[in-house]
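These figures come from a predicted structure and were not determined experimentally. Order of the sequence lines sets the chain letters (A, B, ...), proteins ahead of strands, with each chain counted from 1.
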Amino acid sequence: GQQLNQSPQSMFIQEGEDVSMNCTSSSIFNTWLWYKQDPGEGPVLLIALYKAGELTSNGRLTAQFGITRKDSFLNISASIPSDVGIYFCAGRDGSSNTGKLIFGQGTTLQVKP
Amino acid sequence: DAMVIQNPRYQVTQFGKPVTLSCSQTLNHNVMYWYQQKSSQAPKLLFHYYDKDFNNEADTPDNFQSRRPNTSFCFLDIRSPGLGDAAMYLCATSRVTGEQFFGPGTRLTVL
């Protein structure tokens, strides 16, 4: 079946540093979504991407839909302690007529004050 | 605010004792999903409803059932919970091609 490879698996950074994580797919996607999950809570949608090449920002977060439609990245600038959590990418391919998503394995981010 | 609500947030049950988790939404989305998530792993789709059409994932155990009596509500029934069913259960909703929004989850403990 389809798989999403998300990297890195975990990151431990200093407050103020920039962060980058990415996802790659074995097939073409028409939607990429990025979520953040805090402990004990459900994932919260950060950014949605629908067009190849699309670059979208949400505050200090920027995400891009890769030109090949097989990858996406998320950047966080000037990290702060509340950025701590697990970040998931998720994608939807054209074969899904019911909105099903495929998830990456997650990137655990820790920020040292 | 439009949202996805899950009740209860924490559920404790005994081995083999049936349990029902509930989800409601005010987004008027036609697709509702149930996921199982174990610690630090990605959410795993159990099944989803597209309107009234039920779609089961091939590897979802028969022990898990679902009901969607109307657009707003969806239930997850676990008929005979085992220790391996202890997990976070997440409900989500979407339009077919739009963003998927998650509820806060129900943490299930099996004693």
Whatever's closer than 4.5 Å to a heavy atom in chain A on B:Q6 counts as neither

Honestly, the part of A:Q6 sitting under 4.5 Å from a heavy atom of chain B is neither

So, the part of B:S40 with a heavy atom under 4.5 Å from chain A: the answer is both

Open item on the list: Between the side chains of A:D38 and A:K36, is the shortest nitrogen-to-carboxylate-oxygen separation below 4.0 Å, so that they form an ion pair?
Closed with: yes

Subject >> Residue pair A:D18 / A:S77, side-chain donor-acceptor N/O under 3.5 Å >> reply: no

Of A:W32, A:F88, A:Y35, the one forming a side chain to side chain contact (heavy atoms under 4.5 Å, CB included) with A:L101 is A:Y35

So, the part of B:Y35 with a heavy atom under 4.5 Å from chain A: the answer is side chain

Under 4.5 Å to a heavy atom of chain A? For B:Q41 that would be backbone

| Is there a disulfide (SG to SG under 2.5 Å) between B:C74 and B:C23 once you walk through the steps? | CA-CA 5 Å; B:C74 196; B:C23 177; over 6 Å; no

### Query
Would you say the side-chain atoms of B:K38 pair up with the backbone N or O of B:G84, donor to acceptor, closer than 3.5 Å?
yes

Highest number of heavy-atom pairs under 4.5 Å with chain B among A:P43, A:G106, A:P39, A:G42 belongs to A:P43

